[in-house]
Amino acid sequence: MTRDRMLTLGALAAGLLFLSPVLYSIWMSFQTANAYYTGTLDFTLRNYAVSIGDYGFARYLMNSIIVSGLVTIAGLAMATMAAFAFARWTFRGGNLLFAAVVATLMIPSHITLIPNYLTLARVGLLDTYAGLILPAISNGFAAFFLRQYIRGIPRALDEAAYMDGATPLQVLWRVIVPVARPAILSMGLFIFISEWNNYIWPLVAVSDQDLYTLQIGLARLYKLNPGEGSIDWPLVMAASTLTILPVLLGFLLVERHLVRGITMGAVK
Amino acid sequence: QTDTTTVEFWHSFGGSSGAALDRIIENFEAAHPDIDIEAEHVGNYNDIVARLQAAIPANRAPDAVIMEVTRYGLFADRGVLLDLTDKVAADPLSDDLFDFAREVGVFEGKNYIVPFNSSTPVLYYNADILDRAGFDEEPPLETYDDLLTVAQQVQEELGDEGIRGISAPGQFARWGLIMANDSDLIDSTTGEILIDAPNTVEAYEWMADLVHEHDVASPDNVTDEDTGKEDFLAGRSAIMMNSTGNYGESKEALGDALKVRPMPCNKVCATPIGGAGIGIIASAEARVQDAAYDFISFAASPESNAIWFSETGYMPINRHTADQQLAKDALADKPGIDVAINQLDVARGRPRPPVVTWMRATEYDMWQAMALGQREVEETLQDFAEQTRREEQRQN
Amino acid sequence: MSAIQLTDIVKSYAHGPQVLHGVSMDIRDGEFAVIVGPSGCGKSTLLRLIAGLEQVSGGDITIGGQRANDMAPQDRDIAMIFQNYALYPHMTVRQNIAFGLELRRVPRAVRTARAEEVAAMLRLTPYLDRKPGALSGGQRQRVAMGRAMARDTTTFLMDEPLSNLDNALRTEMRTEIKELHGKLKATIVYVTHDQTEALSLADRVAVMKDGHLQQFDTPEAIYDRPANRFVAGFLGQPAMNFALARDLPGLRAPGDSIAGLRPEALSLHGTAPGGPALRARVTLSEMTGSGVILHCDTDAGRMTAVTPRHALPPDPGALWLGFDPARVHLFDAATGTRRPAPAAQPHTANLSA
Amino acid sequence: MSAIQLTDIVKSYAHGPQVLHGVSMDIRDGEFAVIVGPSGCGKSTLLRLIAGLEQVSGGDITIGGQRANDMAPQDRDIAMIFQNYALYPHMTVRQNIAFGLELRRVPRAVRTARAEEVAAMLRLTPYLDRKPGALSGGQRQRVAMGRAMARDTTTFLMDEPLSNLDNALRTEMRTEIKELHGKLKATIVYVTHDQTEALSLADRVAVMKDGHLQQFDTPEAIYDRPANRFVAGFLGQPAMNFALARDLPGLRAPGDSIAGLRPEALSLHGTAPGGPALRARVTLSEMTGSGVILHCDTDAGRMTAVTPRHALPPDPGALWLGFDPARVHLFDAATGTRRPAPAAQPHTANLSA
Amino acid sequence: MSAGPARARRTGAARQQVLRRATPYLLVLPLLAFIATFTYLPIAMSVNLSFREWDFLSPDKPFVGFENYRLLLTSHQFWNSLQVTAVFALVSVPLRLVLALAIASYLVRETLPARVLRGALFLPAVTSTVAIGVVFSWVFATDQGLVNGLFQLLGLPKVTWMQDPQLALWVLILVNTWKQLGYDIIIYIAGLQAVPGELYDAASVDGGRRFHVFRRVTVPLVMPTTYFLLVISVIDAFQVFTIVDVMTRGGPAGATDMLVNMLYRVGFTLFDIGTGSALAVLLFILLITLAVVKARVIGRKVHYDS
Ligand SMILES: Nc1ncnc2c1ncn2[C@@H]1O[C@H](COP(=O)(O)OP(=O)(O)OP(=O)(O)O)[C@@H](O)[C@H]1O
Ligand SMILES: Nc1ncnc2c1ncn2[C@@H]1O[C@H](COP(=O)(O)OP(=O)(O)OP(=O)(O)O)[C@@H](O)[C@H]1O
Ligand SMILES: [Mg+2]
Ligand SMILES: [Mg+2]
């Protein structure tokens, strides 16, 4: 019992040490700017009020949720469909197409930044939710990962459903998706997090403040002061804490599924 | 109304500066009910340049935009900015502008921007620190040696408390210190590249030694220039050379301990003019361009400029600004806010050929290498000059 | 009408060798046909072709009189039970059973009623709201049956449905399937590699080897008159003993014949019996409850004999294995095909061995 | 010396209920002891306790005369064969067999030689350089055996080593293990839930239920004199028939007795035989090759009988099941424990049924 | 072709057949359409731009052949960036894998402390990189930094973490590892849980030297996971950007100027789109080559079927 408790305490201590930078940034977010610069102690909630009120973080939060949410849903849908096809059919060109999907993993997003910007400008989708969402939807990693996972699901399940009279889409939706739920959930979390933290693309694609996501809000706050101004770190940290919270909640919610979801896919 | 003309305007001001700008815009819209200024705070100067560059091929450029004074040349050169020469000439305002303010907007003989926020570097110091370091009265702060002496004494006395003698100069201040050594990076009139001129080398040697040799400036300031200001604001550094635009913030942090002095004059007295002006995009509709110009002109008026000056510490650009009550109050209440103005005689605009953008971006790396003692100053600058000349050729 | 006719079925998988080499079978309406054969002989393939999960490479499949080669699985009106049951792990037993009906747009009320009826028939009612993960192996098996039964079809395909159960449960479920077949009057094609299942369940047994059908006949015929040595050796537990016919005393058979002797056809004697017999040395005896399996070395090779425990001779180390020449199976040594039953030789031959 | 003594072994898992409730067994040096019992009764737990993979909660384990409770597994000098063989998939057969020696710092040359020697004994030589993935089930099983044998120990623990093999292979491997035991003179503790394996392999069989040892005796004793109703029902294929003793004619037994009749102890008659018998209606008959299993309804409940096919009465729909009262097992209805064999009643009772 | 009723009867089945053949294509179509539009089209555009000179502003984009590539390949900066990136990858990838495996093999247990630690370790992975960069800039600052503060308490001299060209890269490697470790650990835990416990039981009965078993059994058996993480972390190492941008902007003096930072600077600070695109293309080719080499050299060896 005591050994157990000591282990728990040790683990907690190690965790705290590991997290000290994050914890420090949270602590910082409750300080006044002046106190921060002068090294005194002066606590306030003002940074949160300011970032939410004056700097529109409530709106950004909603945008981030809309954008990340839709990207996650649409991305998962497409990736799952493709993963299903790659896992269950051998078709002419299938290997090549799959390679094309996997190869997207090797492509730094910066390569596609300028051309995508030009493309979306041409069709007039900059400064729209669609412009934020569309380029982020295709997720080669998710497709790759889910394909591996689906390959681990006994094919007999599909076949049973076909015998029961299902169409391929019904098999996908009624059998594969529920069975692969842990994997899809954890992939969803990954997509959501990476989209949530995505900031170069929204920075470029959106100039309308009403469409800012949290990360641009954060970056803007960070670069708020003109060339010669200085950064209000406590405010930035308050905003940054705000951007962490929802993802953290999401993580805690699906943590249970996470390992299980990864198990089959990652390992095969 | 259907006749309302909307001017999309990108700028770089947030916080209290942004609020001051908003007031000016409000006043303008009140005076011009048919014009709607749609202002957007895009980010810092670099962000604006980046956004603009991306916006142009996408046909999404704004109508008017704030541009840093050394970096609009590229856009002027490529025909992105509207030539304002005729408009300025026809505007009675032009006579009221200080010479420097008119000059700063001219590129290759044509006027492309009208200054809005102008600044020079000034020298700030923390009187409390100097006091504690044993300076009973204000020491001379004219030459390189003067500065070094003070910085060394501070560091000797107070180094144990984690106080540095000086904040390593940022790029704007470096440029100023080079000018004070009777040189420049690029000659503002001839466009000659002076990066490897002996006086420039000497200036960089002195600056680099502050960090590398004498250890009176923090290496942190070299890799992250913002920390130079943070240190000063936090009372961890005795001297800072930085834009006059920092006055408001510094005053707030240090109160009466803040003293402002002109930039040192090592060989000559000279200082660069920084800041930004507003330009108009050439592709905008004529009607919109006119409306935009109206706004530019209004922003440069004594009334507007006084608001701006008193709130931010940026220099007046209009000769009549000082007559405004707001400005008078500021000069009376805020000792040191006038230093930049007084320094104007020796201030001059910097060159703005397209290569400057490249040169400024590269200078950071070079400075780091020198200040951190990784490369010999002279050799570095020769290499830098070499590269800059090559780049200039490539761009033409 | 749900007779299934297979005509010259040929199948090769893409990038694979040929798996079926012209299999023809006529499965009658209402018949319980069992396909047995060693692993990899093509049993599952054949079943999957009937189900429509694979496409034939040649030959014809007729189901209920209709050519089915190009029909999709869902159009063949066939229910299938898979080796690992393939229950939907995320659905309750009720949903699992009703899923086929749901896909066929049967109204909810009807399908729920049907699911409950089927569950009752299979004694699954208490488990209707459990998920498969919370069921025992036998219960899962019954759910798989239920899923097939809920569909209103009279053709069932089953691929080793009992292979994952332990022995006791397998015996029990075997009985249940057999009883169900009686009730449903369905046509069942059942794949297994367990010969006990094959013999006890089938109306007719099809024995396959390497993609060829060896024999398709009643269990009795298969057991008593195996078409070839393979079939003879495959069915029977313990397996049939083989020896060169010429090594067996008292047997008149062509010289190149292989003789087959079922273990239960060997009688044990402490001393040389009156009829043909082999002297045997017991190398291992295994108790199986009421009986004993004796592994013996004889002059004709290794032989296995079975005997009730109480009939064991007092000194089981050395004994005589007597046999009735009329019960010896003969096979062609080269081709393995069955030869007519041998005639007994004059009795003296026995002593010469 | 590798006798294993278990004294009042108690085991509960952390956060779980008690799994073993005081099990005592004396396994003799060189003995082949088989532990059987239904799933979850604690067989594997017992084995893992002997191996040292789990710690006892109470009681003592003595191995070769030495108290082993606190010894680490590697110090107990025991080899173990796991249900799924636990072969290292990334190692060749050779490496798998030699790995135990490697862990014990045996020099490479020695362990290679030993691996080859063992492989030869198990006819694995051609596969020495293959990885387990490229072996058949039976070969894998032999590698697992080989790994255990390579270690120079005389105590082997085996946890359902054959459960993953198909029937034919299982029979074959069973024989091999039995022969190996003869050769190695090792002490073997073997866990299975297959009763055929238990009976045919064991010198003594331990039957467990719910963490309690029911009986530990020779297969014959277990089969012929089961200590209680559970043991009686668990062993025997098909299983023993149970009925209320009072429902059986010609039986003199206490009123609350349960009578057990093994299927092979029932004799089939077309007409009422001379001795005690039950009238039966055959509900299902299953052919098993040479024999037939008959499932019947009788006045005393369902009964299973077995008979050779040729001994089947002409009309198998209705018949009489005769039995010898001396061969009836009697159990206490409440506790299930065995009662002394019954005596026959006067013959007339038969007709009154 | 045959006419008449026979054909008519066939068409229904034939249409079904066509539909069935088309199913997988229809299923991958949406994803591939998006990938084509937003990934491969941009690459094609980049390839095109890499042969041109353009600054975004000029209306025309003159074709300059391989000039941009020549400039890049002869520039000191490119080789510097390549070297920096390679060092980053060579150090951080093994570091991540080794640390993650070591930690994961402790945290694989389902105990409370293990779960708490797992959560803690994962937190940085979901934290915004910008915020992390900002905090660590402070942690490693020379004058005010946390680490130097501790050093001072211990009487050690100040270290110029972020100014020393060697150290700066190590600091970045450390911070990046800190951020990514959580992912790696979770994935390793998944891999470890897939190793059958019986294998460890077998080893422990056979002689159980812990480290030896770890090396000979655990490590080989999580090879597939390691390979997966290797692919991911190498890609990651070659694409690291934000943390560098925030903490050092490639400095001091180019010591941490990763390829993508150079790409960003050339393309977006210096507006040399042609050279930026050429760099992008080179980076892409490099990553694909690495992936293929990896697949050839080790990909084959890691899968066991059992
Ligand atoms: N999808 C496939 N692609 C290629 N070859 C296959 C495929 N499915 C099966 N085979 C091969 O076809 C042959 C027959 O396989 P099948 O599954 O029909 O055998 P089986 O008789 O059912 O065996 P088992 O008793 O092991 O289930 C085997 O050699 C197998 O390897
Ligand atoms: N690690 C464990 N923690 C908690 N309970 C366990 C653990 N291992 C086994 N049990 C429980 O102990 C009981 C006995 O398990 P054990 O594995 O010994 O049974 P078994 O007789 O080997 O069964 P089977 O024939 O299914 O292998 C079961 O109820 C099981 O759920
Ligand atoms: Mg099969
Ligand atoms: Mg077990």
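Proteins get letters first, then strands, A, B, ... in listed order; numbering begins at 1 in each. When reading the values below, keep in mind they use all heavy atoms of this one structure, side chains included, and skip hydrogens, waters and symmetry mates.
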Shortest non-hydrogen contact from [X] toward [Y]:
X: K179(E); Y: P124(E); answer: NZ-O, 3.1 Å
X: A136(A); Y: E195(A); answer: CB-OE1, 3.3 Å
X: S81(E); Y: L259(E); answer: CB-CD2, 3.8 Å
X: F57(A); Y: G217(A); answer: CZ-C, 3.6 Å
X: G250(E); Y: V244(E); answer: N-CG1, 3.8 Å

Note to self: Taking A36(E)'s backbone N and O only, do any of them form a donor-acceptor pair with T39(E)'s side chain (distance below 3.5 Å, no angle check)?
What the structure shows: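 Checking the backbone N and O of A36(E) against the side chain of T39(E), no donor-acceptor pair under 3.5 Å is found.
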Notebook entry, point to check: Under 3.5 Å, side chain of D184(E) to main-chain N/O of L97(E), donor-acceptor pair present?
Noted result: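 Checked: no pair found.
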Checklist line | Distance-only side-chain donor-acceptor flag, Q215(A) / N197(A), under 3.5 Å | finding: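 Judged by distance alone, the side chains do pair up.
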With a 4.5 angstrom heavy-atom cut-off, could you sort out which part of [X] is near chain A: side chain, backbone, both or neither?
X: I273(E); value: side chain
X: I35(E); value: both
X: F241(E); value: side chain
X: T129(E); value: neither
X: T23(E); value: side chain
X: L279(E); value: neither
X: A125(E); value: backbone

Margin query: I'd like to know which of V139(E), L121(E), T226(E), I132(E) tops the heavy-atom pair count under 4.5 Å against chain A.
Written below: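 Answer, by heavy-atom pair count under 4.5 Å with chain A: L121(E).
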Checklist line | Option in L31(E), L29(E), L27(E) with maximal non-hydrogen atom pairs under 4.5 Å from chain A | finding: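 Of the candidates given, the most pairs with chain A belong to L27(E).
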Against chain E, label [X] side chain, backbone, both or neither, depending on which of its atoms sit under 4.5 Å from a heavy atom there.
X: I193(A); value: side chain
X: F144(A); value: side chain
X: A103(A); value: both
X: F98(A); value: neither

Margin query: Using a 6.0 Å cut-off, check whether atom CH2 of W89(A) has over 12 heavy atoms from anything other than its own residue.
Written below: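 More than 12 within 6.0 Å, yes.
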Most chain E-contacting option - heavy-atom pairs closer than 4.5 Å, from [options]:
options: V22(A), L105(A), L12(A); answer: L105(A)
options: A79(A), S240(A), A100(A); answer: A100(A)
options: A85(A), P135(A), G75(A); answer: P135(A)
options: P21(A), A239(A), A143(A); answer: P21(A)
options: T104(A), I137(A), L214(A), L16(A); answer: T104(A)

Next item on the list: Could you tell me the separation between the OH atom of Y106(E) and the CG atom of L192(E), rounded to the nearest 0.5 Å?
Entry: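 Here the rounded value is 12.5 Å.
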Checklist line | Pairs satisfying side chain to side chain donor-acceptor pair (under 3.5 Å), at least one member in residues 75-86 of chain A, at least two apart | finding: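 Sorted result for residues 75-86 of chain A: empty, none.
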Check: R88(A): what forms a salt bridge (charged side-chain N to carboxylate O under 4.0 Å, His left out) with it, not counting sequence neighbours?
Finding: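 Expected list: D158(A).
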Notebook entry, point to check: By number, which residues in residues 43-50 of chain E have some heavy atom less than 4.5 Å away from chain A?
Noted result: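 Residues in range: I43(E), M45(E), S46(E).
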Margin query: I want to check something: taking the side chain as every heavy atom from C-beta on, are F228(E) and Y188(E) in contact at a cut-off of under 4.5 Å?
Written below: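 Result no, sub-4.5 Å side-chain heavy-atom pair not found.
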Check: Which residues pass the ring pair (Phe, Tyr, Trp, His ring centres under 6.0 Å) test with W178(E), sequence neighbours left out?
Finding: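 Once residues adjacent in sequence are excluded, the partners of W178(E) under the ring pair (Phe, Tyr, Trp, His ring centres under 6.0 Å) criterion are F18(A), F136(E).
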Next item on the list: Answer yes if the ring centres of W201(A) and Y117(A) are under 6.0 angstrom apart, and no otherwise.
Entry: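 Aromatic pair excluded; centres sit 6.0 Å or further apart.
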